[in-house]
Amino acid sequence: MNLIVRDLDARGLPCPQPVILARKALAEGGFGRLDILVDDPASRENLLKFGAYAKCQVEEQPGEGTQTRLSFTPPATGGTQPAVAPAPNAAPQVPSGTAVLLLSSDGIGQGDPDLARLLMRGFLYTLTEADQVPKRLLLMNSGVRLAVEGSESLANLKKLEARGVEVLACGTCLEFFKLTSSLAVGGITNMYEIAGHLLEGSSLSIG
Amino acid sequence: MLLLATYPSSHAALRAEQQLKATGLSVELIPVPRSVRSTCGFCLLVEVQDEGISLRKSGAEGLWRVLEPPPGQHRRSYEPHR
């Protein structure tokens with residue numbers, strides 16, 4: 001049996017273009033496997049997440065530098081394997097809450113920026129002591145600064161992650177601030193995922 | 001030992017944070033816990049070796065010893081430190 005493979009070259013394309021291409025190709029179908037070549041780490045992360053979302057089996061062949069080839073086998077032809085196996089030693093506690101918080105700034109509110117950042121630091125510390133933690137924190141715009149090396153809130157975000165909170169930073173925002181390689185907690189996400197999470201249920205915007 | 005220091009104002013707490021950090025101490029600015037009395041909303045958590053003398057010098061109003069939460073719980077508790 002011949003496997004029809006469709007090849008896409010998404011090198012040099014800005015995030016989220018590679019995911020859009022993959023989504024379109026999968027919707028069109030007509031192949032047994034979709035191979036996508038990317039060279040941007042944020043796009044790679046997003047494609048892996050998209051693969052899991054689309055229930056594809058995903059294999060990766062790393063290339064030179066940041067270049068990598070991701071092979072997606074759609075569920076219809078790809079057996080019943082989970083698309084991306086969870087990391088074996090990642091066993092966070094089940095989150096106790098259902099709230100999704102959108103942190104769209106590294107501070108809370110307008111006015112004095114120092115006070116705004118002070119309030120956000122205090123808020124994140126307070127979350128670590130809460131009986132019920134959020135399900136997910138979505139970081140956008142300068143909110144991504146909270147999750148990078150040198151952030152005063154890094155330790156608290158790590159504590160929250162250890163309590164089962166999913167921390168996700170907007171890839172476009174990290175790239176905009178040139179902070180992609182400094183992300184020190186959580187994962188990278190894209191607008192599709194963020195919109196999906198915000199529409200899931202109880203979400204709050206902080207910042 | 002980990003101590004919590006309260007200050008008369010947020011500005012004083014921020015100033016003390018910078019001062020103490022400059023001396024190499026590990027400092028975290030946090031909202032004043034519910035069980036701690038203070039006139040201001042923010043305070044400092046500081047790991048000290050000197051029983052809190054440096055914190056008094058930084059303008060601290062009150063000092064509290066930090067008790068870590070028991071396993072499975074997440075909220076610290078505090079008792080007055082003299």
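Closest of all the heavy-atom pairs between A:T128 and B:H74 is O-CB, 3.7 Å. Here the closest heavy-atom approach between residue B:F42 and residue A:G122 is recorded as CE2-CA, 3.9 Å.
Only the side chain of A:N156 comes within contact range of chain B, judged by heavy atoms closer than 4.5 Å. Looking at A:L118, both its backbone and its side chain come within 4.5 Å of chain B, counting heavy atoms on both sides. Both the backbone and the side chain of A:L119 come within contact range of chain B, judged by heavy atoms closer than 4.5 Å.
For B:E68, the CD atom is densely surrounded, since the number of other residues' heavy atoms within 6.0 Å is greater than 12. When the shell of 6.0 Å around CD of A:Q67 is examined, it contains more than 12 heavy atoms from other residues, nucleotides or ligands. Other residues, nucleotides and ligands contribute over 12 non-hydrogen atoms within 6.0 Å of the CD atom of A:E28. Sparse packing is recorded around NZ of B:K57, with 12 or fewer heavy atoms of other residues, nucleotides or ligands lying under 6.0 Å away. Remark: A:F177 CZ is packed, more than 12 non-hydrogen atoms of other residues, nucleotides or ligands lying under 6.0 Å away.
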Derivation and outcome, salt bridge (Lys or Arg N to Asp or Glu O under 4.0 Å), residues B:R34 and A:E129: CA-CA 12 Å; B:R34 272 185 275 229; A:E129 293 210 341; over 6 Å; no

